[in-house]
Undergrad: 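The structure follows.
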Number of protein chains: 2
Amino acid sequence: MPPETNDRPTAAEWKVLKIVYELGSCAAREVVEQAQESDGWSASTVKTLLRRLVDKGHLKARRIGTSFLYRPSRPIHTELRSSADALLERATEGAMGPLLQYLVKRSQLSDEELDQLQELIDRQRQEGRSDG
Amino acid sequence: MPPETNDRPTAAEWKVLKIVYELGSCAAREVVEQAQESDGWSASTVKTLLRRLVDKGHLKARRIGTSFLYRPSRPIHTELRSSADALLERATEGAMGPLLQYLVKRSQLSDEELDQLQELIDRQRQEGRSDG
DNA sequence: ACCAACCGTCTACATCTGTAGCCGACATCG
DNA sequence: CGATGTCGGCTACAGATGTAGACGGTTGGT
């Protein structure tokens, strides 16, 4: 099993990575179009970023005739957790509470998601009690 | 008022920035000590990072005799929100729910923080209803 | 068979990052 | 006053990043 590279995507790479996540499985051209619209990048730029993402292991490229079909190597949750970890490392004692409030506010969660978060919070209270 | 530079701290810079946040207001030497312990960085490296953080506007340096007293330019929440924004930009539709669960789990919030988050969630439900 | 459109590859290059050595100024201990 | 330790400043430099042009192969039309 080719090891999951752990080199994180850079900011620019994340933009195209996100596009691929949204498109699912796609050709370079589709990504180029999207990126051109949203960021004004040239085709070359996008192609370079796609290549680097493949090199780093975030994308898989499957050859189809003359071109490639790109798709994410891992579920987006895995990638996002990696970004989230950076946040956890940066937060000082007591900073996560307010930060999470900020995130929840801006996330516009659905009722269902709010319910799930709610349940998790209840569970956390339990654990907190029994844990010290 | 000198404008808040919007150049975000890099990963390495964040490490020393965090140390300064934890120490409050401190001399370079204290930061160097901490960083040496936690990351094995040379004094030079830490000094470079401090300087860059000052250049970018994340730290203020006040001259005290021959040396400097460093302190954060803004509350850590402001800096963290900036990092959090990156996360929000990266998340695709429906990805924030699970991601927030992950963050809440790893954050080990206090009962008080859990209560506040809870309240916020309740408020969010209200808004969601009236908002569509 | 030829030309246009398209595709991925190679190359380029200014900047930014990570990491650190060396130096001169000042201070501190004798 | 001289030796020694500190401190910030300057310089360095390899590797990562952001951004893109040029090129050669292929394909689809005519």
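Lettering of chains follows the sequences in order, A, B, ..., and the numbering in each one begins at 1. Just so you know, these numbers come straight off a predicted model, no measurement behind them.
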Undergrad: Figure out the CD/C1' separation between B:E30 and D:dC7, and round it to whole Å.
TA: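 After rounding, the gap between these two atoms is 14 Å.
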Undergrad: For the pair made of CZ in B:F68 and C1' in C:dC26, what is the distance, rounded to whole Å?
TA: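 In whole Å, C:dC26 C1' lies 13 Å from B:F68 CZ.
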Undergrad: Send over the distance from A:K56 NZ to D:dG15 P, rounded to a whole Å.
TA: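 It works out to 16 Å between those atoms.
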Undergrad: Measure the distance from CG on B:L53 to P on C:dC16 and round it to the nearest whole Å.
TA: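 Roughly 15 Å, once rounded to whole Å.
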Undergrad: Sequence neighbours left out, what passes side chain to side chain donor-acceptor pair (under 3.5 Å) with B:S44? Give chain and number order.
TA: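 None.
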Undergrad: Checking all strands, does A:A28 fall into the base, sugar-phosphate, or nothing category for heavy-atom contacts under 4.0 angstrom?
TA: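 Touches sugar-phosphate only.
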Undergrad: What integer distance in Å separates A:L50:CG from C:dG8:P?
TA: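 These atoms are roughly 8 Å apart.
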Undergrad: For A:L17 and D:dG18, give me the distance from atom CG to atom P, rounded to whole Å.
TA: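 Checked: the CG to P distance equals 13 Å.
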Undergrad: Who passes side chain to side chain contact (heavy atoms under 4.5 Å, CB included) against A:F68, sequence neighbours left out?
TA: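 A:F68: side chain to side chain contact (heavy atoms under 4.5 Å, CB included) contacts with A:A61, A:R63, A:Y70.
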Undergrad: Could you walk me through whether A:Y21 and A:E79 pass the side chain to side chain contact (heavy atoms under 4.5 Å, CB included) check?
TA: CA-CA 11 Å; A:Y21 271 117; A:E79 297 282 4; 3.2 Å; yes
Undergrad: Go through the structure and list residues passing side chain to side chain contact (heavy atoms under 4.5 Å, CB included) with A:R123, not counting sequence neighbours.
TA: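 A:R123 satisfies side chain to side chain contact (heavy atoms under 4.5 Å, CB included) with A:E119, A:L120 only.
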Undergrad: Per the salt bridge (charged side-chain N to carboxylate O under 4.0 Å, His left out) rule, what does the pair list look like for residues 82-111 of chain A, sequence neighbours excluded?
TA: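 Every pair satisfying salt bridge (charged side-chain N to carboxylate O under 4.0 Å, His left out) with a residue in residues 82-111 of chain A: A:D111-B:R129.
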Undergrad: For the pair made of CZ in B:R8 and P in C:dT15, what is the distance, rounded to whole Å?
TA: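 Nearest whole value for this atom pair: 22 Å.
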Undergrad: Which pairs, with at least one residue in residues 33-50 of chain A and sequence neighbours excluded, count as a salt bridge (charged side-chain N to carboxylate O under 4.0 Å, His left out)?
TA: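 Every pair satisfying salt bridge (charged side-chain N to carboxylate O under 4.0 Å, His left out) with a residue in residues 33-50 of chain A: A:K15-A:D39, A:R29-A:E33.
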Undergrad: Could you pull out all residues at least two apart from A:E30 that satisfy side chain to side chain contact (heavy atoms under 4.5 Å, CB included)?
TA: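 With neighbours one apart ignored, the set is A:L23, A:C26, A:A27.
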Undergrad: Give the B/S/- string for nucleotides 19-30 of chain D, one per nucleotide from 5' to 3', where a protein heavy atom under 4.0 Å of the base yields B, of only the sugar-phosphate yields S, and otherwise -.
TA: BBBB--------
Undergrad: Provide, to the nearest angstrom, the distance between the CZ atom belonging to B:R29 and the P atom belonging to C:dT28.
TA: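 Between P of C:dT28 and CZ of B:R29: 12 Å.
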Undergrad: Using C1' atoms of five pairs at each end, report the bend of the helix from C:dA1-D:dT30 to C:dG30-D:dC1 rounded to 10 degrees.
TA: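 Answer rounded to 10°: the end axes differ by 0°.
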Undergrad: Kindly write out the residues that satisfy side chain to side chain contact (heavy atoms under 4.5 Å, CB included) with B:S25, not counting sequence neighbours, or none if the list is empty.
TA: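 Partners of B:S25 by the side chain to side chain contact (heavy atoms under 4.5 Å, CB included) criterion, ordered by chain and then number, come out as B:L69, B:R71.
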Undergrad: Regarding A:A27, tell me which of base, sugar-phosphate or nothing describes its non-hydrogen contacts under 4.0 Å with the strands shown.
TA: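 Result for A:A27 = nothing.
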Undergrad: Do the side chains of B:D55 and B:R52 get close enough for a salt bridge, i.e. N-O under 4.0 angstrom?
TA: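 No, no charged N to carboxylate O under 4.0 Å.
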